[in-house]
Amino acid sequence: MEANPRRVEHQQTDKGYVPVYTTAVVEQPWDNYSADDHATWSTLYQRQRELLVGRACQEFLDAQDEMGMSEHMIPRFDQLNEVLGAATGWTLVGVEGLLPELDFFDHLANRRFPVTWWIRRPEQIDYIAEPDLFHDLFGHVPLLMNPVFADYMAAYGRGGVKAHAIGPDALQNLTRLYWYTVEFGLINTAEGLRIYGAGIVSSKGESLYSLESAAPNRIGFDLERIMRTRYRIDTFQKSYFVIDGFEQLMAATEPDFTPIYARLADAEHLPAGEVQAGDTVFQRGSGEGWADGGDV
Ligand code: PHE
Ligand code: FE
């Protein structure tokens, strides 16, 4: 059987063909997943679970089990929603891919998490540039079972709507916070550093690199520091930020960001890989193998 084709259309522009994403919520076409699709899920699930025991935070691993995710087949959104809804009031909605910022924020603010319904093709097992079902579902969804993290995500959505109204600089500050927490966050536990960021747990290479490589910096969470820090979209991160717990994250992000955005408007942006005076340094990275340039 053929793997699911992407349903994204392309439009010809003066920059060539660009994808046109549908912002609509779509029903997960579960019966149409092919044997290849389920096999891709199964391969990735088994591989990452094995790697993540002792590397991802326990809340993440336990939540996957509680939700009934397993290597056997691609989970059904409607089944996950029964468990998730009862736990924290979140609902998964199917989408074709990345959404415009405001649509995304509006979903989060209303406790709806958009999940890309299609899964990568077998030849993309190790790397895919855009989020697919595996990244969204395996990576992001489990922590929505945690009441504190679930509240953080909804608050982020409300904050996004606000930042969008303030302007592009505010939005950039907020996006960096998302990047260095929701996507690439580390958490300090009694057993040592653990991963909670979805961009890390859905990647074999970065699951190892983020925790065990001598190259990257590992720095204590600091809201304004993070909001000023550029990041990488095409390589592993040069710096990871470490929270003490989800309560710290929630407490630090509770205040109104409006005065912070105003203050940071004139502040210098920081390179992705530089340790600053005042950083709490868990590890000063060796910088080995880093690409020059390319910070976003
Ligand atoms: N307190 C933030 C604001 O005023 C909202 C927010 C909460 C943003 C949590 C991100 C995460 O914008
Ligand atoms: Fe993501």
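Start at 1 and go down the list; that is how both ligands and their atoms are numbered.
The pair Glu274-Lys238 fails the salt-bridge criterion, with no side-chain N (NZ, NE, NH1 or NH2) lying under 4.0 Å from an Asp/Glu carboxylate O. A salt bridge links Asp256 to Lys162: one of the charged nitrogens lies within less than 4.0 Å of a carboxylate oxygen. Ion pairing between a basic and an acidic side chain is recognised when a charged N comes within 4.0 Å of a carboxylate O; Arg111 and Asp151 show such pairing.
The nearest heavy-atom contact from the protein to atom 4 (O) of ligand 1 is Lys162 NZ, 2.5 Å. Scanning all protein heavy atoms for the shortest distance to atom 11 (C) of ligand 1 gives Tyr152 CE1, 3.5 Å. Closest to atom 8 (C) of ligand 1, if we only count protein heavy atoms, is Phe257 CE1, 3.4 Å. Summary of contacts: the protein heavy atom closest to atom 7 (C) of ligand 1 is Thr253 O, 3.3 Å.
Restricting His135 to its N, O or S atoms, the one at the least distance from the Fe ion (ligand 2) is NE2.
Aromatic ring centres of Tyr180 and Phe184 lie farther apart than the 6.0 Å criterion allows. Aromatic pair Phe236/Tyr209: ring centres closer than 6.0 Å. Between His107 and Phe113, the gap from one ring centroid to the other reaches at least 6.0 Å.
Contacts of Ala163 with ligand 1, taken as heavy-atom pairs under 4.0 Å, are absent altogether.
At least one N, O or S atom of Glu183 sits under 2.8 Å from the Fe ion (ligand 2).
For ligand 1, the polar-atom distance check against Leu174 finds no nitrogen or oxygen pair separated by under 3.5 Å.
Taking a cut-off of under 4.0 Å to the non-hydrogen atoms of Pro255, the atoms of ligand 1 that pass are 1 (N), 2 (C), 3 (C), 4 (O). For ligand 1, the atoms sitting less than 4.0 Å from at least one non-hydrogen atom of Glu254 are 1 (N), numbered in the order shown with element in parentheses. In the vicinity of Gly159, heavy-atom distances shorter than 4.0 Å reach the ligand 1 atoms 5 (C), 12 (O).
Between the CD atom of Gln28 and the CH2 atom of Trp117 there is a distance of 9.5 Å, given to the nearest 0.5 Å.
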